[in-house]
Amino acid sequence: GWIDACYAGDDPAAILARLESHPDPDARAAASVLRERCPLSVAVTLEAIRRAATLSVDEVLAQDAALVDALVPGPDFAEGVRAQLVDKDRAPRWQHARVEDVTRAEVLACFG
């Protein structure tokens, strides 16, 4: 029951707030995992999932390819690789500290 309630809407910051404040420990655990991820990627992923609901399979694949082209050259991809694979410190320093810092314009720019 908490999944539908917490993940409603298109605002990733609002979704995280609902997850963090929900009494179910699984909701709070989901929020914790999302907070560890790249804030821009979290926001872009939500947008991509919402858009995919109205797209064909071929359109979803094209959307995913466009997102790769938009995100891989950016600083967060290299930082994620550094933190996970190179230094293995598991302490990435994303360009945004929190998903609340990601603007809608930045998300939409990833979709061309």
Side-chain angles (χ1 to χ4, degrees):
W2 63 266
I3 294 173
D4 288 339
C6 290
Y7 285 97
D10 298 325
D11 181 351
I15 291 170
L16 273 165
R18 285 192 294 272
L19 289 167
E20 289 170 332
S21 66
H22 199 280
D24 191 302
D26 290 336
R28 293 190 306 278
S32 179
V33 169
L34 288 172
R35 286 286 184 201
E36 294 173 1
R37 304 300 184 242
C38 171
L40 178 61
S41 294
V42 169
V44 168
T45 299
L46 177 63
E47 180 73 19
I49 290 169
R50 297 300 191 244
R51 288 179 179 215
T54 63
L55 301 177
S56 69
V57 171
D58 288 339
E59 290 168 327
V60 170
L61 293 174
Q63 172 181 270
D64 289 351
L67 291 175
V68 167
D69 290 342
L71 294 171
V72 168
D76 285 334
F77 182 79
E79 178 58 14
V81 170
R82 183 210 59 78
Q84 286 293 109
L85 302 174
V86 178
D87 296 340
K88 298 181 182 176
D89 63 10
R90 308 294 191 263
R93 292 176 297 279
W94 308 120
Q95 65 177 326
H96 300 89
R98 297 167 36 99
V99 73
E100 291 83 352
D101 301 330
V102 178
T103 68
R104 180 88 176 129
E106 289 171 306
V107 172
L108 295 178
C110 292
F111 291 85

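Every heavy atom of this structure was used, including side-chain atoms; hydrogens, water molecules and symmetry mates were not.
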Could you check V99 against R37 for side chain to side chain contact (heavy atoms under 4.5 Å, CB included), going step by step and ending with a plain yes or no? CA-CA 9 Å; V99 73; R37 304 300 184 242; over 6 Å; no
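Judged by distance alone, with hydrogens and angles left aside, the side-chain atoms of R51 form no donor-acceptor pair with the main-chain N or O of F111 at under 3.5 Å. Judged purely by atom type and a 3.5 angstrom limit, S32 has no side-chain atom pairing as donor or acceptor with the backbone of R28. With hydrogens and angles ignored, the 3.5 Å screen pairs no side-chain donor or acceptor of D4 with any backbone N or O of G1.
Within a 6.0 Å sphere centred on CZ of F77, other residues, nucleotides and ligands contribute 12 heavy atoms or fewer.
No single ILVMFWY cluster, assembled from side-chain heavy atoms under 4.5 Å apart, contains both I49 and L16.
Closest of all the heavy-atom pairs between D24 and W2 is OD2-CD1, 3.3 Å. In this structure, C110 and V44 approach most closely via the heavy-atom pair SG-CG2, 3.8 Å. Of all the heavy atoms in A43 and V102, the pair that sits closest is CB-CG1, 4.0 Å. Across all their heavy atoms, R82 and E79 have their closest contact at NH2-OE2, 2.7 Å. A31 approaches E20 most closely through the heavy-atom pair CB-CG, 3.4 Å.
With D76 as the partner, the side chain to side chain donor-acceptor pair (under 3.5 Å) test is satisfied by one option alone out of Q95, R93, H96: Q95.
Checked for salt-bridge contact, R50 and E47 miss the test: no charged N lies under 4.0 Å from a carboxylate O.
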Taking only distance into account, with no hydrogens and no angle test, what donor-acceptor pairs under 3.5 Å do side-chain atoms of residues 57-72 form with protein atoms, sequence neighbours excluded?
| from | atom 1 | to | atom 2 | distance (Å) |
| --- | --- | --- | --- | --- |
| E59 | OE1 | S56 | N | 2.7 |
| E59 | OE1 | S56 | OG | 3.3 |
| Q63 | NE2 | A48 | O | 3.2 |

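Atom CG in L46 sits 10.0 Å away from atom OH in Y7 (nearest 0.5 Å). Interatomic distance, CZ of R104 versus CG of D10, reported as 7.0 Å (0.5 Å rounding). To the nearest 0.5 angstrom, R90 atom CZ is 11.5 Å from E36 atom CD. The CG atom of D11 sits 7.5 Å away from atom CZ of R18, with the distance rounded to the nearest 0.5 Å.
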